[in-house]
2 protein chains.
Amino acid sequence: MDKNKGMQESALFVMGGVEASHDGMQYGVPKKFRKKKADNLNIQKLAQDVRAGSRVQLSKAITLIESSNSTHKAQAQELLQELLPHTGNSVRIGITGVPGAGKSSFIEAFGTMLCEMGKKVAVLAIDPSSSLSGGSILGDKTRMEELVKKPNAFVRPSPSAGTLGGVHKKTRETMLVCEAAGYDVILIETVGVGQSETYVRGMVDFFLLLVLTGAGDELQGMKKGIMELADAIVVHKADGDNVRLAKKTVSEYKQILHFLQPATPGWMSTAMPVSSWEKKGLDKVWDTIGEFRQTVEANNYWSIRRQNQTRDWFQSMITDHLIDAFYGDPNRKEQVQLLERQILNGQLTVTQGVDRLFSDEQSQK
Amino acid sequence: MDKNKGMQESALFVMGGVEASHDGMQYGVPKKFRKKKADNLNIQKLAQDVRAGSRVQLSKAITLIESSNSTHKAQAQELLQELLPHTGNSVRIGITGVPGAGKSSFIEAFGTMLCEMGKKVAVLAIDPSSSLSGGSILGDKTRMEELVKKPNAFVRPSPSAGTLGGVHKKTRETMLVCEAAGYDVILIETVGVGQSETYVRGMVDFFLLLVLTGAGDELQGMKKGIMELADAIVVHKADGDNVRLAKKTVSEYKQILHFLQPATPGWMSTAMPVSSWEKKGLDKVWDTIGEFRQTVEANNYWSIRRQNQTRDWFQSMITDHLIDAFYGDPNRKEQVQLLERQILNGQLTVTQGVDRLFSDEQSQK
């Protein structure tokens with residue numbers, strides 16, 4: 001581990017990830033040399049370096065995983081298979097929140113506390129906005145300034161390389177590489193667009209929802225079903241004048257949680273006030289995660305969930321492949337649109353639409 | 001409309017549906033003659049009879065739709081296309097509830113009230129249990145005794161012919177046939193197994209959740225996310241000693257609903273006490289549905305939702321077809337199971353698993 005590296009290198013990790021994500025492998029090497037360089041990659045060596053704790057090599061490994069180049073893809077899989085036996089030894093924590101809830105400042109404060117406790121902390125952010133803007137929410141260097149200075153921290157955005165399915169897949173594999181690199185705690189941030197929370201819930205052990213005080217008003221803007229994904233709710237910005245209101249909000253949330261189905265069998269989801277600014281309540285969050293782990297390991301659901309998650313991941317990748325292959329044919333896409341119009345106009349039944357789409361197939365039977 | 005028909009014929013409809021569902025077309029005709037009879041069907045005539053309000057012919061039409069015989073399937077689609085221009089003129093209401101909430105007695109009382117108001121009421125029940133037991137929850141003749149006597153009522157169970165996807169598709173088409181037959185109100189009951197509520201929510205305008213008093217305890221057994229599907233919650237069995245508790249429960253639910261995302265944009269989901277036994281509060285439910293319709297027609301979401309539902313139905317049938325076609329090959333199924341084991345053992349990455357599954361395809365590219 002590079003414990004002696006300071007701020008500048010840490011900051012480089014953040015930006016390195018972002019830059020690389022736009023163009024695949026990119027280390028200041030002119031474009032024409034890049035492919036050759038990638039081809040010369042020694043995967044065994046890279047795996048060793050990742051396992052030895054080199055953050056530069058970890059960054060490189062993740063960039064390889066995120067690349068859409070087919071050579072890189074094959075190499076990434078070779079690397080992952082190499083690392084697979086060394087994965088699984090972290091607590092995987094998903095973090096989401098309503099807009100303005102202060103996810104980054106929470107992750108900064110919480111991650112810093114964990115680093116100071118001697119934990120190795122990796123932060124991965126799913127960032128669907130980047131597929132629209134081409135930029136990344138973590139591109140802003142001022143975010144997580146303190147955390148990136150910690151030698152035990154690794155902060156990496158995972159900008160979407162197209163579909164959310166893609167993000168999904170790559171974030172999971174990135175998580176596995178971080179585990180092989182010895183990170184004890186993986187924090188996966190999601191900004192809560194589309195189905196991203198469900199995806200993240202499907203890859204973590206513990207899911208945390210950040211909210212603000214004044215639940216009643218604020219919840220009007222909360223996504224459907226999100227509370228039922230959460231193992232704990234943090235009422236954030238519980239500082240200054242806000243403290244009393246935060247406590248009230250906590251008890252309101254506890255009441256609601258009582259009415260909802262728990263996110264994890266055997267665990268009663270809870271709520272607590274936290275101030276990242278005053279660094280209050282962060283230890284309580286970590287204690288709660290510890291209790292959660294004890295409870296869920298005791299009823300065996302810890303490993304059952306992970307197995308289920310892997311199985312679901314495989315199944316959903318198969319389904320994605322089938323759908324992509326089908327719509328990948330531009331004629332098919334056009335045909336579907338035409339049939340859809342006819343169905344909406346009442347000229348065709350839905351079943352007839354589907355039958356026409358697959359009639360060649362049926363006549364072959 | 002056969003306003004003068006009495007109890008015996010009505011009761012026949014219920015049982016007719018149940019019997020037919022086990023064996024396809026079955027009207028007391030010996031098996032060897034059945035196919036011939038079906039082939040001689042005059043679809044134009046059947047469509048006319050359905051539109052003219054014959055419940056016997058409506059029953060026959062639904063049995064045709066539920067049949068898995070390929071001749072029947074083609075005829076069913078012909079019939080549906082004939083009826084399509086005459087569909088869409090009902091209020092489609094989905095009804096679910098926790099076990100023991102009294103769904104049948106509510107539907108019986110509510111449907112009877114609507115019939116007495118001069119409405120034509122069709123009751124369709126999605127019944128996943130029947131695919132396991134071969135029987136139907138509506139097979140019990142004592143259910144909805146009063147309602148089936150009404151000349152304006154049509155009660156029909158839709159036992160699952162295998163997959164839930166199948167139920168889904170057939171219930172939608174059954175609903176369309178009932179609309180063409182002039183039914184003003186379609187009540188679709190779901191017993192709440194698997195994803196059935198989501199399916200039903202995806203085919204109705206208004207979704208009603210039945211609960212009992214004592215929300216706190218009872219909700220522990222409630223399915224995740226179900227409250228966020230509901231446009232209204234009926235606190236049922238609000239009679240006798242239960243009245244005061246029911247009122248308290250109503251206000252608790254209203255509070256929770258305030259915290260949740262509304263099921264329908266622009267409509268604030270609400271809760272109300274109902275006694276089907278004392279026939280109290282049933283008119284309030286109907287008034288609420290009326291207000292709902294006004295509100296949602298005013299913001300245009302009424303038709304937008306129906307269009308979205310049809311579009312989603314088409315999309316999900318395409319996806320179902322792709323998945324069925326893929327797993328329909330027994331070798332594929334075995335291969336998937338083998339790869340899944342290797343993935344769970346840590347011998348393969350998920351991506352490698354998917355790549356192996358589709359490697360033939362990829363080498364052809």
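Convention: sequence-line order gives letters A, B, ...; per-chain numbering from 1. Only a predicted model underlies this, so the values are computations on that prediction, with no experimental measurement involved.
- Heavy-atom pairs under 4.5 Å with chain B were tallied for Leu176(A), Leu84(A), Ile226(A); the largest tally goes to Leu84(A).
- Annotation for Thr349(B) and Gln81(A): closest pair CG2-N, 3.9 Å, computed over non-hydrogen atoms.
- One finds the NZ atom of Lys73(B) at 9.0 Å from the OG1 atom of Thr351(A) (value rounded to the nearest 0.5 Å).
- Between Leu322(A) atom CG and Ile318(B) atom CD1 the span is 13.5 Å, to the nearest 0.5 Å.
- The environment of CZ in Arg51(B) is sparse: at most 12 heavy-atom neighbours from other residues, nucleotides or ligands sit within 6.0 Å.
- Among residues two or more places apart in sequence or in another chain, the salt bridge (Lys or Arg N to Asp or Glu O under 4.0 Å) test is passed with Lys248(B) by Glu252(B).
- Residue Phe314(A) touches chain B through both its backbone and its side chain, counting heavy-atom pairs closer than 4.5 Å.
- Looking at Leu348(A), the atoms closer than 4.5 Å to chain B (heavy atoms on both sides) sit in the backbone and in the side chain alike.
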Cut-off 3.5 Å, no hydrogens considered: what does the side-chain donor-acceptor table look like for residues 338-347 of chain A, sequence neighbours left out?
unit_1: Glu340(A); atom_1: OE1; unit_2: Gln315(B); atom_2: NE2; d: 3.2
unit_1: Glu340(A); atom_1: OE2; unit_2: Arg311(B); atom_2: NE; d: 3.1
unit_1: Asn345(A); atom_1: ND2; unit_2: Arg341(A); atom_2: O; d: 3.3
unit_1: Asn345(A); atom_1: ND2; unit_2: Gln347(A); atom_2: OE1; d: 3.3

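- Annotation: side chain of Val354(A) is not in contact with side chain of Trp313(B) (no heavy-atom distance under 4.5 Å).
- For the atom pair CD (Glu228(A)) and CG (Leu260(B)), the distance works out to 7.5 Å, reported to the nearest 0.5 Å.
- Residue contact with chain B, scored on non-hydrogen atoms closer than 4.5 Å, involves the backbone and the side chain of Leu80(A) alike.
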